Every structure is written in C-alpha cells, then in structure tokens.
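These notes concern the structure reproduced below.
All figures in this text were calculated on a predicted structure; none of them were measured in a lab.
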Amino acid sequence: MTKPKVLISDKMDPNAAAIFRERGCDVEEITGLKPDELKEIIGKYDGLAIRSSTKVTQEILDAATNLKVIGRAGIGVDNVDIPAASAKGVVVMNTPFGNSITTAEHAIALMFALARQLPEADASTQAGKWEKNRFMGVEVTGKTLGLIGAGNIGSIVASRALGLKMKVVAFDPFLTPERAVERGVEKAALDPLLARADFITLHTPLTDQTRNILSKENLAKTKPGVRIINCARGGLVDEAALKEALDSGHVAGAALDVFQTEPAKESPLFGTPNFICTPHLGASTNEAQVNVALQVAEQMADYLVTGGVTNALNMPSLSAEEAPKLKPYMALAERLGSLIGQLAHDNLDKLSIEVEGAAAQLNIKPITGAVLSGLMRRYSDTVNMVNAPFLAKERGMDVREVRHDREGVYHTLVRVTATTSQGERSVAGTLFANTAPRLVEIFGVGIEADLEGDMLYIVNQDAPGFIGRIGTLLGESGINIGTFHLGRREAGGEAVLLLSVDSRVPQEVLDAASKLPGVRTVKALAF
C-alpha cells in the first residue's frame, strides 16, 4: 500500500516530520516556496502542513490533484481559501488548543501592563526620567473582568482572573448557565457587561455577528475608565472609535495584539497615550509553537491513515477512536443516499436523515455527511464527505437531522427521506451483524437486500409469471443474476424487485424490460 505523502511548506518544529513518519506517512519539508513553485509540485501530495506564510489559493487548489487535507499549525486560517477547498473535497484542519494557554497568558500580561502603565513607565525610566508620581496604576484585585467569548481561551483567562481575586462576567451565547456556574463566572448579556466591567477582554472569532462588537455605540455603553484588551481577532474593535474613546478619557487604556489590517504598519491608535500594542504575539511562545506543530502532524496523519477527523473546519470531526465504530454506519448511509440519488427523477429540495436504536447513540454528523456524499454523486463524480454538504447547500437543499430515542423493530436503523415533486420518498437500512449494510425498506415497501455492485430496480404490478419473464429476458441477454429480492405492499398490488447482476444492464435490455406486462419503472443501479 502506498504511503500518504505530506508536504510541510512552512517552518515547523522538526518533531512534526518525525510524527508523520512514525504514523505511516512520507513527508518532505520544503519551506519558502513562491506560489508558482508550490503550484508546480503540490499535485503529488496528499497532505499540506502550513503555518501562516503559505497561501492556499484557488489557483493552488486547482493544481492539487491528489490533495486530501490541509493542516494549519495554529488557529487562524485566513491564508486558506476554505470554500474552494470544500468544493474540491479537501479537509481543512487547524489546531485551536495548542496555543490556548499562551494566548490567555498574553491577555493577562496586557491587562497588567495596562493596569500599571508598564510600557510608558519603562520608556520614561530608560530615557533618564524618574516620573514616579506620573504613573499611578490600579489594582486588578476586586475588579470586574468582562469576558466577551467564553470558549477555550476565554475560559483559561477566566480561571486566571479568578485566581487574581477578580469577579468575572461573561457574554457568550453558547455558554450555558450550568457551565457558567462550573467555571465560577456570571453569565450576562452584552449591554450589562459593558456597563459593569472595569476590564474587557475579547476571545471570540471574527464573524458577521462579532465584527465591530465593540463599535462606537457599544464603547459608549462601557463604564467610564474601562480598560480593553484584544488578543483574539482584528476587526472585533472599531479602531477609529477606540481612538476617540481613549482621547476623550472614557476608555482609560487599551491593549491590542491584533489589528483589522495586518501587518499593521500604521494605525490611528499608534502614538495614543495609554495605548499598548504587540505584533500578534498571542501564540508566540516556544511551547505553543511546538504544541501546534505536533498537533497538526498528529491530526493530519490520523486522517490520512485511519480516517479520523479532528478540528476540521469544513466537515464533522471524527476521532480515530470513533472512526472504526462509525465506519459501517457511514457505509450504510452512503448507500442509502446513493439509492435515493439514483431513483429520484427531479431535483431534491428537502432531505431528512433519521436515526434510531444504536445509531441514535452515535455522532450523527458523519452519518449525514455520508448520506449527502452518496446522494450528490448524481451531480458530481468527485464528491466526498467534505464537498457533499457544500454541493447540497449550493443547490439550496434543506437538510434535517432527526434522532429518535424509541425502540424499533431493528436494533439500529437509518432512514433517508427526500421530498420530490411526487411527494416524500423514503429508504431505510440497518446493519446485519453490526457490520454489513442492508436495505430493509424502499418507498414504503419492506424489502431486504445488500446494496452493492450492479443492480436492477423494477416496480411492477404483482402478477403470476412476471419473475419468470424477467429471468428469461436477462438470461437471453447474457446477464447473470446474483441475488433476487422481492417486496410488495399487498398481494396483487405494487411490487418492488431488486436484482443484483454480474454486469451492467445495457439500455436496450432496460427498454425491453420496461415493455413487459405490468412494469411501471425500470432502473439500473450501481453501488
């Protein structure tokens, strides 16, 4: 078996390459490549490990004919065209936890620097001045820290602040009241936080909802004398409005490690009294750089070798431990999606994926991804679990997931229902012996069949002699039947026939079968 091939295109800790090799990958370290140079060689690699220097553009992705995964050693992926990668079926991963402590510590360091005016005091003293009375600081003990974003980094900042005997108030729509109690913080809406906080620190990604979260209007709502720290993302704070608030004295101090435009060669804030800045140093410690390099190597190697997906930005995460357990369910889901895709006669605008029994206890996202992967093959032959959701969204498909706690006839069941112009069409399957995918229902008709290889799907009026006629037609056409599966709603009613055959059924045979008495639908299937 050929080993996956990985390119490390940015400088990383040498142990990252060692991890790739230990886990069964071939790896090359070629740093400092110009875009044209990267474009020339990227086609031979399955994985690309980067930091911030390499720019993975649409042009690079077009040349990456074998690429399966991009791993960013760090959090930010502004240098990767994620929509283009998703459309091409390339997983994009980052390492959001490798530098969490480092970034949290930098925020705390800037908070102390603001509280005691350390940069100004240092510059003054080294200039030969002794302005002891000029630099009157404030204690952090007993002060209120307003936390905007209480995720991984925000939680670490909160724990450090609590250790400093501060009161922590957190605004985060995803923070539950129970989790807030566990962390020892008070959950609050944004406006009350702004009005109460002595210090505000931001730890949230930059989205449409968070852009300029500290706008001119929101800065006006803050407590007079507030001090603001941002080590998260540029664009969370309106820099021009912050300059005005500092000049007026409403904001007593501000410290930014990130800017709206980086590298920040100029800013309205530069030179403003009580303003501190650093050049995006949040993740810049030896420990953090080692951690993110090792983590990206582990994650990428797991994906390339075992199929485990961790910290992916464009597909559901699936740990190396989960992958073996979910693999048969994903195979079942992919075949059910493929079946719906091959049998649907028009565009599908709604899709429902339901799980019950053992399947309901599992991570449903990979199952949904597998259904869409099978379904979207009707549109593209290069579809996979990464670009299938992208293709579905592109076509305006409404995808719904339903998890049932009820006990059913089968120990596990996956049902896929599509809304078509003829109404809802549903197929369902289970696992035989917990490993083998098996169809158990098609469009309301109970029928057990293995979905594999070439098959023939026929809907006909249940009547004596039909099975003999179709068998004769296939035999005379030189097509050997492997297995035979029959289901019907009632005697004499509509019947469904699924035949596995040893070769693809030619169109002329399909046409002949459609002319047999009682036949309503004939379709060749392939899995």
Side-chain angles (χ1 to χ4, degrees), residues 11 52 99 101-148 153 156-157 160-161 163-167 197-203 214 216 219-220 222-289:
K11 188 175 180 181
S52 57
N99 52 20
I101 290 175
T102 291
T103 304
E105 287 183 353
H106 195 60
I108 295 293
L110 289 178
M111 182 174 69
F112 273 118
L114 281 178
R116 302 304 297 268
Q117 297 174 277
L118 296 182
E120 300 97 319
D122 171 74
S124 170
T125 304
Q126 294 206 48
K129 303 174 184 179
W130 193 260
E131 300 177 295
K132 186 173 181 179
N133 294 330
R134 175 186 165 193
F135 301 109
M136 187 61 62
V138 296
E139 292 184 353
V140 300
T141 300
K143 299 297 191 299
T144 297
L145 174 64
L147 202 68
I148 298 179
I153 296 173
I156 297 171
V157 170
R160 303 301 190 264
L164 294 170
K165 308 302 180 184
M166 300 181 78
K167 179 177 179 60
D198 300 296
F199 293 84
I200 294 173
T201 181
L202 298 104
H203 302 286
L214 288 188
K216 182 174 183 177
L219 285 169
T222 59
K223 183 177 182 178
V226 69
R227 291 169 171 84
I228 295 168
I229 303 104
N230 184 15
C231 292
R233 280 285 175 266
L236 297 176
V237 182
D238 183 328
E239 293 173 15
L242 180 59
K243 161 74 171 173
E244 293 179 11
L246 284 166
D247 287 342
S248 71
H250 181 79
V251 172
L256 300 186
D257 184 48
V258 289
F259 291 84
Q260 187 170 352
T261 301
E262 294 184 1
K265 300 293 187 180
E266 56 184 25
S267 168
L269 290 160
F270 289 172
T272 303
N274 301 316
F275 174 67
I276 302 170
C277 60
T278 50
H280 208 144
L281 298 180
S284 296
T285 63
N286 292 329
E287 294 88 346
Q289 296 315 302

CD (E139) with more than 12 external heavy atoms under 6.0 Å: no
Tell me whether D257 contacts the main-chain N or O of G282 through its side chain, where contact means a donor paired with an acceptor under 3.5 Å. yes
If you look at every heavy atom in L147 and T201, which pair is closest and at what distance? CD1-CG2, 3.5 Å
Note, L214 side chain near N230 side chain (heavy atom, < 4.5 Å): no
Heavy atoms, side chains only, cut-off 4.5 Å: are L256 and F275 in contact? yes
Considering all heavy atoms, the nearest P273-L246 contact: O-CD2, 4.5 Å
N/O donor-acceptor pair under 3.5 Å between E239 side chain and Q260 backbone: yes
Any chance CD1 of I101 has more than 12 other-residue heavy atoms, nucleotides or ligands included, within less than 6.0 Å? no
Could you check if a side-chain atom of I228 sits within less than 4.5 angstrom of a side-chain atom of L202, using non-hydrogen atoms only? yes
Okay, side chain of H106, backbone of S284: is any donor-acceptor separation there less than 3.5 Å? no
Minimum heavy-atom separation for A264 and F270, please, with both atom names. O-CZ, 3.5 Å
Any side-chain heavy atom of Q117 within less than 4.5 Å of one from N274? yes
Could you give the distance from CG (L281) to OG1 (T103), rounded to the nearest 0.5 Å? 10.5 Å
Could you go through L145 and V157, starting from their C-alpha distance and side-chain angles, then the distance that decides it, and tell me whether this counts as side chain to side chain contact (heavy atoms under 4.5 Å, CB included)? CA-CA 10 Å; L145 174 64; V157 170; 4.0 Å; yes
Using side-chain heavy atoms (C-beta onward) and a distance below 4.5 Å, is F199 in contact with V138? yes
Any idea which heavy atoms bring P268 and K243 closest together, and the distance? O-CD, 3.3 Å
Min side-chain heavy-atom separation L219-H250 under 4.5 Å: no
Distance from D198 atom CG to T222 atom OG1, nearest 0.5 Å? 11.0 Å
Rounded to the nearest 0.5 Å, what separates atom CD1 in I229 from atom CD1 in I276? 9.0 Å
Can you check whether K167's main-chain N or O pairs, donor with acceptor, with T144's side chain at less than 3.5 Å? no
For H280 and E262, which heavy atoms make the closest approach, and how far apart are they? ND1-OE1, 2.8 Å
Would you confirm whether S124, through its side chain, and E120, through its main-chain N or O, come within 3.5 Å as a donor-acceptor pair? no
Mind checking whether M166 and M111 have side chains closer than 4.5 Å, heavy atoms only? yes
Which pair of non-hydrogen atoms, one from P119 and one from A113, has the smallest distance, and what is that distance? CD-O, 3.9 Å
I'd like to check F112 versus L164 (side-chain heavy atoms, cut-off strictly below 4.5 Å). Are they in contact? yes
For the backbone of L269 and the side chain of T272, can you confirm whether one donor and one acceptor N or O come within less than 3.5 Å of each other? yes
